[in-house]
Amino acid sequence: MQIAIDGPAGSGKSTIAKLVATKLGFIYCDTGAMYRTATVMAQRLGLDYGDEPAIMAALKDLTITFKPAPTGQLVFMNGEDVTLAIREPETTNNVSQVSALPAVRTEMVARQRAIAAESDIVMDGRDIGTTVLPNAEVKIFLVASVAKRAERRYKENVAKGIDTPLATLEQEIKARDEKDSTRAVSPLREAADAHHIDASEMTIDEEVDAILKLVMENRSAARK
Ligand code: DC
């Protein structure tokens, strides 16, 4: 079974996707982390974030792997733990540029489909329901207000010791929404058959329950 969860930056997708995957015993794949890892790679190699040929050449030798851990999911780049590095502001501010490169997207989509072919999966991102897994049994489009999303990111940052003013986060979220939804390749778009969930006023438990209910409904419909 495939569950696709898409939505804008900071809508809480990864928290919800992780919990849904744990409840169902499915693998969780964070596709944003894959684009972030490619961005860290470019940064480390001193590549221009728009230099598609150089980034593609470097990507050939790059492995990105996930490992579940009690603290959440760990992300490895060629075996190195980059879980924290991929959340640094330098990465966050440049990942939109790297993820807009068509060849990078083609490569990542192929990798994401290969991961999904291996087991039941919950995958989150921007184009999962529309492009990566168009036949996913359950598709969710998760949204929340800019204010709510900035507030969440602010709290996450404080917990990690990162100090960015709330107003800056709101600006960054708006800028990323704009870039992610207007880019030429695979823009952030709601699939026609996605369930639209506005999480602005919902608790995490309510969101997880709403998705699990859709999964159960899908299973019983499939049995009929
Ligand atoms: O979900 P996130 O903030 O970790 O995503 C990081 C960036 O990667 C974000 O700017 C959008 C992009 N992204 C994408 O283009 N396609 C995906 N499937 C996932 C993320």
Side-chain angles (χ1 to χ4, degrees), residues 2-18 21 28-43 49-50 52 55 59 64 66 72-75 77 82-116 121-134 136 139-144 146 148-150 152-157 160 162 164 169-191 194 199:
Q2 297 177 336
I3 302 175
I5 304 186
D6 290 302
S11 59
K13 296 183 302 291
S14 60
T15 305
I16 302 303
K18 247 179 263 171
Y28 163 57
C29 178
D30 175 355
T31 61
M34 297 172 75
Y35 291 102
R36 285 172 178 273
T37 304
T39 306
V40 169
M41 173 203 76
Q43 197 178 307
Y49 295 116
E52 188 171 64
I55 292 179
L59 213 48
I64 303 171
F66 296 103
Q73 187 165 253
L74 303 178
V75 185
M77 175 173 86
V82 289
T83 312
L84 295 179
I86 63 169
R87 306 286 160 197
E88 289 288 335
E90 167 73 13
T91 313
T92 301
N93 294 334
N94 292 295
V95 61
S96 284
Q97 202 182 340
V98 174
S99 65
L101 300 172
V104 170
R105 297 205 71 83
T106 304
E107 169 67 20
M108 290 302 178
V109 168
R111 291 190 190 202
Q112 290 153 11
R113 288 185 181 146
I115 295 170
I121 195 155
V122 180
M123 188 174 277
D124 76 2
R126 302 292 190 288
D127 58 342
I128 311 307
T130 52
T131 305
V132 183
L133 305 175
K139 297 181 185 178
I140 309 293
F141 197 78
L142 194 64
V143 299
V146 170
K148 184 83 188 179
R149 287 149 61 199
R152 282 211 196 114
R153 195 116 300 173
Y154 182 79
K155 285 187 189 154
E156 280 169 17
N157 282 355
K160 289 180 203 151
I162 301 173
T164 313
L169 293 175
E170 287 200 7
Q171 284 310 319
E172 285 175 4
I173 286 177
K174 280 188 199 156
R176 278 220 285 159
D177 277 0
E178 173 70 16
K179 274 194 212 162
D180 290 344
S181 43
T182 55
R183 68 172 174 228
V185 183
S186 239
L188 171 65
R189 208 163 33 82
E190 181 161 355

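Counting starts at 1 for both ligands and their atoms, in listed order.
For L101, the side-chain contact (heavy atoms from CB on, under 4.5 Å) test picks out E52, I55, V104, with sequence neighbours left out.
For ligand 1, the atoms closer than 4.0 angstrom to any heavy atom of R176 are 3 (O), 6 (C), 7 (C), 9 (C), 10 (O). Atoms of ligand 1 lying under 4.0 Å from any heavy atom of Y35, numbered from 1 in the order shown and given with element: 8 (O), 13 (N), 14 (C), 16 (N), 17 (C), 18 (N), 19 (C), 20 (C). Remark: ligand 1 atoms within the under-4.0 Å shell around heavy atoms of T31 are 17 (C), 18 (N), 19 (C). Within the listing of ligand 1, atoms 9 (C), 10 (O), 11 (C) sit less than 4.0 angstrom from a heavy atom of D180. Residue contact check: R87 has heavy atoms under 4.0 Å from atoms 4 (O) of ligand 1.
Scanning the protein for heavy atoms near atom 12 (C) of ligand 1, the closest one is S99 OG, 3.6 Å.
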Item to check | Trace of the side chain to side chain contact (heavy atoms under 4.5 Å, CB included) decision for F66 with L74 | outcome: CA-CA 6 Å; F66 296 103; L74 303 178; over 6 Å; no

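Between R152 and E156 there is no salt bridge, since no side-chain N of the basic residue sits under 4.0 Å from a carboxylate O of the acidic one.
The proximity of M108 to ligand 1, defined as any non-hydrogen pair under 4.0 Å, does not occur for either the backbone or the side chain.
Considering backbone and side-chain N/O of Q112, none are found under 3.5 Å from N/O of ligand 1.
Between the side chains of R36 and S99, no donor-acceptor pair of N or O atoms lies under 3.5 Å.
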Using a 3.5 Å cut-off and no angle test, enumerate the donor-acceptor pairs between side-chain atoms of residues 169-179 and protein atoms at least two apart in sequence or in another chain.
| residue | atom | partner | partner atom | Å |
| --- | --- | --- | --- | --- |
| D177 | OD1 | R149 | NH2 | 2.7 |
| D177 | OD2 | R149 | NH1 | 3.3 |
| D177 | OD2 | R149 | NH2 | 2.9 |

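Between M108 and T31, every side-chain heavy-atom pair lies at or beyond the 4.5 Å cut-off.
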